[in-house]
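Structure record follows, encoded as structure tokens.
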Protein chains: 2
Amino acid sequence: MLELAILGLLKEQELHGYELKKRLSDTLGFASGVSFGSLYPALARLEAAGAVKAVEAKAAVTTPIPLTGSLSGELAAFRARKGVVRGSRGKKVYGITDLGDGLFEELLATESQSNEDDRLFNMRLAFARHLPPDARLGMLERRRAHLVERSVQIRARLKAVRDGYALSLIEHDREAAEHDLSWIDRLIASERAGAHASDPQAKPDHPAASTTTSTSNGAGIPSLSGLRPVDTEEDTAP
Amino acid sequence: MLELAILGLLKEQELHGYELKKRLSDTLGFASGVSFGSLYPALARLEAAGAVKAVEAKAAVTTPIPLTGSLSGELAAFRARKGVVRGSRGKKVYGITDLGDGLFEELLATESQSNEDDRLFNMRLAFARHLPPDARLGMLERRRAHLVERSVQIRARLKAVRDGYALSLIEHDREAAEHDLSWIDRLIASERAGAHASDPQAKPDHPAASTTTSTSNGAGIPSLSGLRPVDTEEDTAP
DNA sequence: TTCCGATGTATCGTGTCGATATATCGGAGT
DNA sequence: ACTCCGATATATCGACACGATACATCGGAA
């Protein structure tokens with residue numbers, strides 16, 4: 001599951017693991033940040049599959065280790081000899097390959113069978129701009145159907161519960177599901193209204209958001225005037 | 001994590017695995033139903049720890065299964081000879097032991113360290129009636145603090161995102177967090193108002209199995225009227 | 001009677017998580 | 001100049017939840 005997110009981020013720029021984690025936790029909307037225990041294995045899988053590859057870190061490995069008698073320095077040199085070539089500070093910067101690009105498209109477009117984990121949907125939505133408009137709409141409508149079904153199930157549960165706390169819990173779940181549903185509806189409406197215009201490369205035409213005054217929230221629709229990343233930001237200082 | 005739920009359900013009545021799963025999926029408010037792949041190992045762990053034990057199934061198992069710590073090998077051989085006698089239909093009904101009862105209390109009251117997974121909180125809340133009122137209140141307030149912190153973090157993320165879909169995603173997260181917060185506030189208010197010893201319906205020190213009625217009404221936390229946030233110490237400047 | 005679907009227990013591989021080990025770098029303090 | 005400390009950074013470990021799957025039995029429909 002992480003693969004999709006990793007590839008999506010590497011599509012925009014080359015990154016090393018630590019930075020990747022920060023972006024996963026910060027810029028994407030995941031409930032709990034991804035841990036290293038899943039990130040590094042996922043990167044290893046992707047590298048083994050040829051979807052990403054380590055690129056040369058800016059400062060290369062050429063940093064001469066001055067044998068100044070510093071204990072730590074010599075230790076470092078010793079370790080560096082039997083290790084993989086990395087950047088000046090052990091960074092291992094990854095970039096996406098053509099194969100990885102294909103894998104990304106495939107993962108993004110995969111028809112998730114009925115289960116559709118919430119996290120996975122969020123993931124896909126976060127990268128929805130890489131999808132053609134019709135696929136986007138299909139994804140949203142599938143999600144909607146899923147939420148409707150969940151809503152029904154929750155309502156069924158409500159009758160079976162007698163304990164006060166459990167009841168409140170389920171009631172809250174119901175509200176959350178309905179809230180999700182109305183959110184999806186707003187997204188679908190927005191998609192239908194201002195739909196076309198985002199290829200992976202294309203820039204959105206105009207903000208289509210304005211109509212959504214329905215529920216208290218003003219910013220419900222993201223006004224797809226996504227200011228694309230200014231440019232390829234500079235790499236974090238190597 | 002499942003252990004808490006299993007013990008909580010077995011506290012009310014003896015159940016076998018399949019039924020246990022149904023209750024976990026139906027009556028509790030878990031996003032995705034618990035799978036057998038986690039339920040059975042959890043039951044096995046609990047049995048190994050002496051917290052639960054298999055009881056006689058109704059339909060008279062005349063041949064007690066010699067579970068002398070035999071492992072899969074013996075078990076497979078045993079099963080192979082066609083005569084595996086459990087309940088009338090192979091059911092294996094579990095009951096909670098005194099030791100398990102203690103474990104339940106311990107798990108329920110454990111101070112979850114700052115992380116406080118959402119599912120775990122839901123779990124605890126579902127069994128909150130087994131907690132003394134002050135512990136309940138403490139749990140809710142810890143949860144509240146957690147949500148406030150999350151809210152802050154989400155708001156921080158909002159500034160860093162430029163893509164339309166990702167932005168909408170985070171915005172939705174923010175609303176969900178605020179919704180959760182107001183829900184917790186209502187729970188706290190309700191707890192402060194009428195919760196202690198004189199809860200309308202039941203003061204469930206012991207989950208007497210005979211609490212048959214009382215289903216009609218929400219009972220436990222009925223007054224979910226719109227109450228304003230409680231006055232807690234920390235508030236975050238918008 | 002036969003077959004099918006619901007019930008029921010159990011295991012396997014995979015992925016994620018939290019904790020932890022190791023190491024480097026920049027800067028604060030002394 | 002020195003050391004110590006916290007942020008950066010990669011990596012692995014054990015625990016465990018999950019989906020898939022295998023196997024078995026029961027109740028009833030064909």
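The analysis underlying the following values was restricted to heavy atoms, covering all of them including side chains, and did not include hydrogens, waters or symmetry mates. Proteins come first, then strands; the chains are lettered A, B, ... in the order of their sequence lines, and each starts at number 1.
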Next on the checklist: For C:dA10 and B:Lys92 - does any side-chain N or O of the residue sit under 4.0 Å from the phosphate oxygens OP1/OP2?
Outcome noted: yes
Checklist entry - Could you give the CZ-to-P distance, from B:Phe36 to D:dG19, as a whole number of Å? => result 12 Å
Checklist entry - Are the charged groups of A:Asp173 and A:Arg155 less than 4.0 angstrom apart, N to O? => result no
Checklist entry - Quick one: side chain to side chain donor-acceptor pair (under 3.5 Å) partners of A:Asp101, sequence neighbours excluded? => result A:Lys11
Checklist entry - Using 4.0 Å as the upper bound for N to carboxylate O, is an ion pair formed by B:Lys53 and B:Glu47? => result no
Next on the checklist: Whether A:Lys91 contacts D:dA9 is assessed here as follows: a side-chain N or O lying under 4.0 Å from the phosphate OP1 or OP2. Is that the case?
Outcome noted: yes
Checklist entry - Would you say A:Tyr40 reaches D:dA11's phosphate, i.e. side-chain N/O to OP1/OP2 under 4.0 Å? => result no
Next on the checklist: What is the distance, to the nearest angstrom, from the CZ atom on B:Arg23 to the P atom on C:dT7?
Outcome noted: 14 Å
Checklist entry - In whole angstrom, what separates A:Leu20's CG from D:dT8's C1'? => result 15 Å
Item to check | Listed partners of A:Arg174 passing salt bridge (charged side-chain N to carboxylate O under 4.0 Å, His left out), at least two apart | outcome: A:Glu171, A:Glu178
Checklist outcome for this item: Across all chains, not counting sequence neighbours, the ring pair (Phe, Tyr, Trp, His ring centres under 6.0 Å) partners of A:Phe36 are A:Tyr18, A:Tyr40
Checklist entry - In whole angstroms, how far is the P atom of D:dT25 from the OH atom of B:Tyr18? => result 17 Å
Checklist entry - Rounded to whole angstrom units, what separation is found between the CD atom of A:Glu19 and the C1' atom of D:dT10? => result 15 Å
Item to check | Counterpart residues, side chain to side chain donor-acceptor pair (under 3.5 Å), relative to A:His172 (two or more places apart) | outcome: B:Asp180
Checklist outcome for this item: From CG of B:Leu120 across to P of C:dG18 the rounded distance in Å is 12 Å
Checklist entry - Given atom NZ of A:Lys21 and atom P of C:dT16, what is their separation to the nearest angstrom? => result 14 Å
Which pairs, protein N/O on one side and nucleotides 15-17 of chain D N/O on the other, fall under 3.5 Å?
unit_1, atom_1, unit_2, atom_2, d
D:dA17, OP1, B:Met1, N, 3.2
D:dA17, OP2, B:Arg45, NH2, 3.0

Checklist entry - Can you name the residues that form a salt bridge (charged side-chain N to carboxylate O under 4.0 Å, His left out) with A:Lys22, not counting sequence neighbours? => result A:Glu19
Checklist entry - Given atom CG of A:Leu4 and atom C1' of C:dT16, what is their separation to the nearest angstrom? => result 16 Å
